[in-house]
Amino acid sequence: MAFRTLDTVDVAGKRVLVRADLNVPVHDGKISDMTRIERLSPTIRELSEKGAKVIVCSHFDRPKGKRVASMSLAPMAAALEKILGRRVRFFEDCVGVAAEQAAELLAPGDVLVRENTRFHAGEETNDPAFAAALARLGDIFVNDAFSAAHRAHASTEGVAHLLPAYAGRLMQAELEALHAALGNPARPVAAIVGGAKVSTKLELLGNLVGKVDVLSLGGAMANTFLAAQGKGVGKSLQEADMHGTALDILSRAHVAGCRILLPADAVVARDFKPNPPTEIVSVDAIPADTMMLDIGPESVAALIRQLPAWKTLVWNGPLGAFETPPFDAATVALAHAVADATRTAGLRSVAGGGDTVSALRQAGGIDQLSYVSSAGGAFLEWLEGKTLPGVAALEC
Ligand code: 3PG
Ligand code: MG
């Protein structure tokens, strides 16, 4: 796809409306992970240094069209100020006459964050009047919120049709990395998909079998495939109503020439709690009173042995119950091996999706992958092969 970037626009003296994704994790009123703000900052800094009047808008959480004090973007504005090392103003509404007047007062280089777009019902309904009100705040629109691009909302989609629209640097990096991974990848290309449920990743698996040469499954999702093949999975988490679907995916993979890798061994326990007694068993001999909580050492070693043969890898979802030790072992071992192969063997590695990023951060080596997406749901929808409305609106 073709989209305009910041290389092709003169922003000096212009009001630039930037759609950011400041929807960051907050615990006990404190931002617990600055990643999205850090990754937004180059776009804001560049615009500011080029003399734009930068007006940032974003959603946070799901206030459902009402003003909810605990869902204010004021703390995110303060965090952005710290990261940029320059003053960031805040204005308590994202549209309206007062908001427009506040924009008039900006000098070239100034940065202003506006309050949560979702305080207005028109944001999520993509109301043309609300989109027009947003558009009145800018001369041009820059979308840097790939992670919100799966939403066809006024600030992600509607406004992009009302102003000259450009991809910000983070949006550009996401699109370039994803295109290199599945759009036109160096082959062989492999995907590793973990996580709990087949049902939430059905469309993603269906899309991937037509695109990748190897699809490796882990996490509780793999249990469903093993059970569908008639193996006893004991008390393991699995979806009995998805067996037909799992078999269908296997046969579609066969037709498409996509090799499916399922674990051959598993780490099992009788209780799901930190550090219980565990056993390593073949997937053909899962004791009836145990559950599989991680793929086994043989399976992860087999996966790691294949890495040098792959040119491109897309990774979504942990291989085991990584939040509970020791069931993070396979995910950690794989993360380190992927980081090594990226550094030393020219593997292009792209990872994304909410859980995946926290698992990789926990494992270490996340910075050594070729690209880690800042997106959760948007990354999954992209893996499903869907058109993301916020991206489509940038196409030229
Ligand atoms: C996300 O974190 O996935 C995006 O910011 C979108 O948020 P949403 O799921 O509330 O639309
Ligand atoms: Mg989401």
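For the numbers below, each heavy atom of this structure counts, side chains included, while hydrogens, waters and symmetry mates do not. We count ligands from 1, going down the list as the structure has it; atoms in each ligand are counted the same way. FYI, the numbering just counts along the sequence from 1.
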Next item on the list: Check each atom of ligand 1 against the heavy atoms of Arg151 and keep those under 4.0 Å away; list them by number with element.
Entry: 8 (P), 9 (O), 11 (O)

Margin query: Hydrogens and angles aside, do Arg187 and Thr312 bring a side-chain donor and acceptor to less than 3.5 Å of each other?
Written below: no

Next item on the list: Check each heavy atom of Glu381 against ligand 1 and say whether those closer than 4.0 Å belong to the side chain, the backbone, both or neither.
Entry: neither

Margin query: Assess the residue pair Ser32 and His27 against the criterion (side-chain hydrogen bond (donor to acceptor under 3.5 Å, both in side chains)); give the C-alpha distance rounded to whole Å, side-chain angles, the decisive distance to 0.1 Å, and a yes or no.
Written below: CA-CA 6 Å; Ser32 58; His27 291 114; 3.1 Å; yes

Checklist line | Arg270 with Asp289: basic N within carboxylate O range, under 4.0 Å | finding: yes

Next item on the list: Go through ligand 1 atom by atom and flag the ones less than 4.0 Å from a non-hydrogen atom of Asp21.
Entry: 4 (C), 5 (O)

Next item on the list: Considering only NZ, NE, NH1 and NH2 on the basic side and carboxylate oxygens on the acidic side, decide whether Arg19 and Glu123 come within less than 4.0 Å.
Entry: yes

Next item on the list: Answer yes or no for Gly376: is there a heavy-atom contact with ligand 1 below 4.0 Å?
Entry: no

Notebook entry, point to check: Is it the side chain (CB and beyond), the backbone, both or neither of Arg118 that lies under 4.0 Å from ligand 1, heavy atoms counted?
Noted result: side chain

Notebook entry, point to check: Do you know which of Thr35, Asp367, Thr356 makes side chain to side chain donor-acceptor pair (under 3.5 Å) with Arg361?
Noted result: Thr35

Item checked: Numbering as shown, the atoms of ligand 1 that approach Asn23 to under 4.0 Å (heavy-atom distance) -> 1 (C), 2 (O), 4 (C), 5 (O), 7 (O)

Notebook entry, point to check: Would you say Arg62 has any N or O atom under 3.5 Å from an N or O of ligand 1, going by distance alone?
Noted result: yes

Margin query: For ligand 1 and His59, I'd like to know whether there is a polar contact (N/O to N/O, distance under 3.5 Å).
Written below: yes

Check: How far apart are the closest heavy atoms of Arg89 and Leu106, and which atoms are they?
Finding: CD-CD2, 3.9 Å

